Every structure is written in structure tokens, then in C-alpha cells.
Asks: 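Could you have a look at this structure, given as C-alpha cells, before my questions?
All of these numbers come straight from a predicted model, not from anything done at the bench.
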Amino acid sequence: MQWQFGNLSRRHNGSVEENLRTLQIDQLTVVNLRRREDDNSVPIEEQIAEMMKLREEGKIAGIGLSTVSAGQLATAMKITDVACVQNPFSILDRKDIDVLKICQEVGIAYVPYFPLGSAFPNIPKVVEQPIIQGVAARLGISPAQVGLAWLLAQADNILLIPGTSSLKHLEENLAVEEIELSPQDLIELDRLS
């Protein structure tokens, strides 16, 4: 189970406590410290120290990071073990490739958010791209499956958490594990970068 919250300070400890009570468990497996790209008012070192206190108290087992740069990840790794990184990444948004590579090199799980775009108007949708639609039609799968299969083909440390609104989409998402894109498919899809 992952739980995310923003700028963590001692006053946010109640969020962890509340979730432990609500879920009726003693410990959250991973808590992601989500950094806001536009707010560096609290140094990451201070936020990591708060996360480490929660771990020492036994309230969380692992420390994750969300929306961090390669530099912030490096800083965090000097201070503590990092269980996972959750950053935006998709076939259409590859700006975070350097963070993915660091995670792959050191064995940290990488969880891409917005793997298929999002409902926000300024983020393009993977399923609406003609190249992706063409590959999907040729393979007899959905465009969403192509986008998710592309992600899984990038690195073995990628964990997918695509949202879904129906049982059908959930089943399609689960079937992605069995889809293997050919080298030619990957070359064609890389034209989107």
C-alpha cells in the first residue's frame, strides 16, 4: 500500500496516523514523500528526516519519493534507503528518463504516474496518438495496452499503477504483462519522442 502526501513536516504525522486507523493496520508499507515542483521551501533533507522518524516509530516500513529530480534522488539516497520513486513518465513524456535510469541502476522500483496521460487538458493522452493507435490496430490490442506495454519494455524495475474506471479496463491493464512489443514496434513508437 502506498500513501502520498506533500511537504512532510511533524504536523503531517497525523495523516499517517489517520490512515493507520482508517485502514486498521499497524504500519504503512511505503509512504511517498511527494515534492511539489514549484515549492522548495522545505529542504528535502528535512523532509527525509521526518520520514525516517516515522519509520523508526514503526508507522511506515519504506520511504518513497514522488516528483523528484535526479539531484533530489541522489540527496535522498545519501541519507536513507529509497523504496520507490513515483514520477510522471510515459511514451509521450520522457523528461524523467535520467531518474528512471538511476533507479534501474541501483534497484529502486520506479512507478510512473500519468502513464497514459491524464484528464488534465494540458497533458496529452497516449490513446489519442495516431502512431499508438496504428500499432494497437496491427497487434489487435487497445492503445492503452500499447502505452503500458511500452513502459514495461523500458526497464525491469517499472511498476504500473494505471487508474481505471471499469472492470474491462482493469482486465486489459492486467493483460499487458503478457504483451511483448517487437523491436520494430518499439522503433515505430520511439518516433513519438
Asks: Salt bridge check, Lys53 against Glu56: does any charged N sit closer than 4.0 Å to a carboxylate O?
Replies: no

Asks: Which pairs, with at least one residue in residues 91-100 and sequence neighbours excluded, count as a side-chain hydrogen bond (donor to acceptor under 3.5 Å, both in side chains)?
Replies: Asn87-Asp96, Asp93-Lys95, Arg94-Asp190, Asp96-Tyr110

Asks: Under 4.5 Å between any side-chain heavy atoms of Cys84 and Asn32, yes or no?
Replies: yes

Asks: Minimum heavy-atom separation for Gly64 and Val30, please, with both atom names.
Replies: N-CG1, 4.0 Å

Asks: List the residues meeting side chain to side chain donor-acceptor pair (under 3.5 Å) with Thr22, not counting sequence neighbours, and say none if there are none.
Replies: none

Asks: In chain order, what residues pass the side chain to side chain donor-acceptor pair (under 3.5 Å) check against Arg138, with sequence neighbours excluded?
Replies: Asp185, Glu188

Asks: For residues 146-158, please give each side-chain donor-acceptor pair under 3.5 Å, one per line with the distance, not counting sequence neighbours.
Replies:
{"unit_1": "Gln154", "atom_1": "NE2", "unit_2": "Trp150", "atom_2": "O", "d": "3.0"}
{"unit_1": "Asn157", "atom_1": "ND2", "unit_2": "Ile108", "atom_2": "O", "d": "2.8"}

Asks: Output the rest of the hydrophobic cluster of Leu174: all Ile, Leu, Val, Met, Phe, Trp and Tyr residues reachable through side-chain heavy-atom contacts under 4.5 Å, sorted by chain and number.
Replies: Leu167, Leu170

Asks: Determine yes or no for a side-chain-to-main-chain donor-acceptor pair under 3.5 angstrom, with Gln129 supplying the side chain and Lys125 the backbone.
Replies: yes

Asks: If you measure from the Lys or Arg side-chain nitrogens to the Asp or Glu carboxylate oxygens, is any gap between Lys168 and Glu172 under 4.0 Å?
Replies: yes

Asks: Return the minimal non-hydrogen interatomic distance between Met51 and Leu33, and the atom names on each side.
Replies: CE-N, 4.0 Å

Asks: Does the Gln86 side chain pair with the main chain of Val111, one donor and one acceptor, at a distance under 3.5 Å?
Replies: no

Asks: Please report the interatomic distance CD(Gln72) to CE(Met77), rounded to the nearest 0.5 Å.
Replies: 12.5 Å

Asks: Do side-chain atoms of Ser90 reach the backbone of Leu116 as a donor and acceptor pair under 3.5 angstrom?
Replies: no

Asks: Which residues end up grouped with Val127 if you chain together Ile, Leu, Val, Met, Phe, Trp and Tyr wherever their side-chain heavy atoms are less than 4.5 Å apart?
Replies: none

